[in-house]
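This report refers to the structure that appears directly beneath it.
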2 protein chains.
Amino acid sequence: MEPTKILLAEDDPNLGMLLSQYIRAKGFKCTLATDGEEAYSAFTAGSYDFVILDVMMPKKDGFSVAKDIRGIDRETPILFLTAKSMKDDKLKGFELGADDYLTKPFSMEELLARVEAILKRTNKKEETHLYSINNYLFDFNTRILSFQGKEQKLTTKESELLKVLSKNIGKEVDRNDLLKAVWGDDNYFNGRSMDVYITKLRKYLSLDEKVEIVNIHGKGFKLTLK
Amino acid sequence: MEPTKILLAEDDPNLGMLLSQYIRAKGFKCTLATDGEEAYSAFTAGSYDFVILDVMMPKKDGFSVAKDIRGIDRETPILFLTAKSMKDDKLKGFELGADDYLTKPFSMEELLARVEAILKRTNKKEETHLYSINNYLFDFNTRILSFQGKEQKLTTKESELLKVLSKNIGKEVDRNDLLKAVWGDDNYFNGRSMDVYITKLRKYLSLDEKVEIVNIHGKGFKLTLK
DNA sequence: AAAGGATTTTAACTTTCTTTAACACGAGTA
DNA sequence: TACTCGTGTTAAAGAAAGTTAAAATCCTTT
């Protein structure tokens, strides 16, 4: 996969160089524009995956650059760099489709964290990761399944399987769909492996009488509440 | 439909204003509270569809606000905003009925995506598949047929067949329709298989004198109450 | 690179569910 | 009446899923 291309518009030459080099050091391609007009023409000329705009820039401020970019592109994520002094009324500018903002001063790691968070989210939409299964609570992030204070740490496969089932409480999940979602392949042997995991999940979920994984013979499984 | 009302509690004025305006820009109504006490009184005063709580707030932290809210309302979704430094053990606080949490820093888009995912998930409640057949009660979800406390667990085919018949109590169900509904195909062999299941269902339903599956020769079956 | 532990897969055996087969019977029809 | 067809019933065969333990793989640490 080719590297993500980032367009950075920042008029302060010191900060601009510093940030662009840092971004490059982290494995992205980065183009630096030093004013708003330059930023917009760079955007139209090349194809970028991400845009970082300083709000206050000569010739064309960050908001109007964003507005123009949104005129031709509704997708590419835009992140604003704002001064702390910014007034509320200016914040309304975000309504034109910004994805995030960062208040100066900020650390470079912080900037990168935001960029990566947004990229991650826009590439594949992030899902909620907390599932309530009657009296159980399942946190997909920490992979902890808890019931009245008792915690059970799940393995990767266990939690991926439980996630898909939890998303479909009361609804049948096709056996092959389940296999493709968790194993990526619905062959016979993965199926047997899944059956082993179903047994394990049932054991974990046995503390709550009302929670049950039922099998639909020849079809799939269903997580259901009495 | 009127817009979803969101209560946002965030003590950082910059972030608070920004988020609330972003939320409004996305078509929600949003009230901003700047500390925990204000958040709780706002919640009791108005009727909100969603609550977003910063965990660390002056006067009353997010957890205790959530606890108090849950004291009077078990339904309304709650989402926590947590600091990155927060340890897993602190996450235990979530068992008091949070629907999700988001770790700072996050993008605004991410916040919105979570809110929408939770709303989608909580709005559709599991439909009950409960059928009453005179003194029998049949739960299609759990596949349990009960009669005066006695429970009989049904198999997939048994329960699918009984479901169709239960939906049509007193009405004749055409043999071929029944086959297509349960087996997907009304060939001769499936028909014989169905006859075997009819026998089984009759056995299960024999505890109640008034319940009967009658055959209409050459046509189909009918579940009737005497 | 090897050890040790955790995780996942494979394997073997068991149980449950579904279909098939065989035979019985009674309703509708020639 | 007798004959056929549709259904009733039971048992056995076959297929899917449940369970447990061992083997293989993957990860982390040294």
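Residue numbers start from 1 in every chain, and the chains themselves are labelled A, B, ... in the order their sequence lines are given, proteins ahead of strands. In what follows, every heavy atom counts, from backbone to side chain, and hydrogens, waters and symmetry copies are set aside.
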Check whether any side-chain nitrogen or oxygen of [X] sits under 4.0 Å from OP1 or OP2 of [N], and answer yes or no.
{"X": "B:T155", "N": "C:dT18", "result": "yes"}
{"X": "A:T156", "N": "C:dT8", "result": "yes"}
{"X": "B:K203", "N": "D:dG8", "result": "no"}
{"X": "B:W183", "N": "C:dT18", "result": "no"}
{"X": "B:S193", "N": "C:dT19", "result": "yes"}
{"X": "B:R202", "N": "D:dG8", "result": "yes"}
{"X": "B:R175", "N": "D:dT7", "result": "yes"}
{"X": "A:T199", "N": "D:dG18", "result": "no"}

With sugar-phosphate meaning primed atoms plus P, OP1 and OP2, does [X] contact a base, only sugar-phosphate, or nothing at under 4.0 Å between heavy atoms?
{"X": "A:N215", "answer": "sugar-phosphate"}
{"X": "B:K153", "answer": "nothing"}
{"X": "A:F189", "answer": "sugar-phosphate"}
{"X": "A:Y188", "answer": "nothing"}

Tell me: CZ of A:R143 to C1' of C:dT8, nearest whole Å? 13 Å
Distance, rounded to the nearest Å, where A:K219 contributes NZ and D:dA16 contributes P: 13 Å
Of the nucleotides D:dT9, D:dG6, C:dT19, which has the atom closest to the B:H217 side chain? D:dG6
Which nucleotide, D:dT20, D:dG8, C:dC17, lies nearest any side-chain atom of A:V196? D:dT20
Determine yes or no for a side-chain-to-main-chain donor-acceptor pair under 3.5 angstrom, with B:S166 supplying the side chain and B:Y131 the backbone. no
One should read off an interatomic distance between A:C30 SG and A:I6 CD1, to the nearest 0.5 angstrom, of 6.0 Å
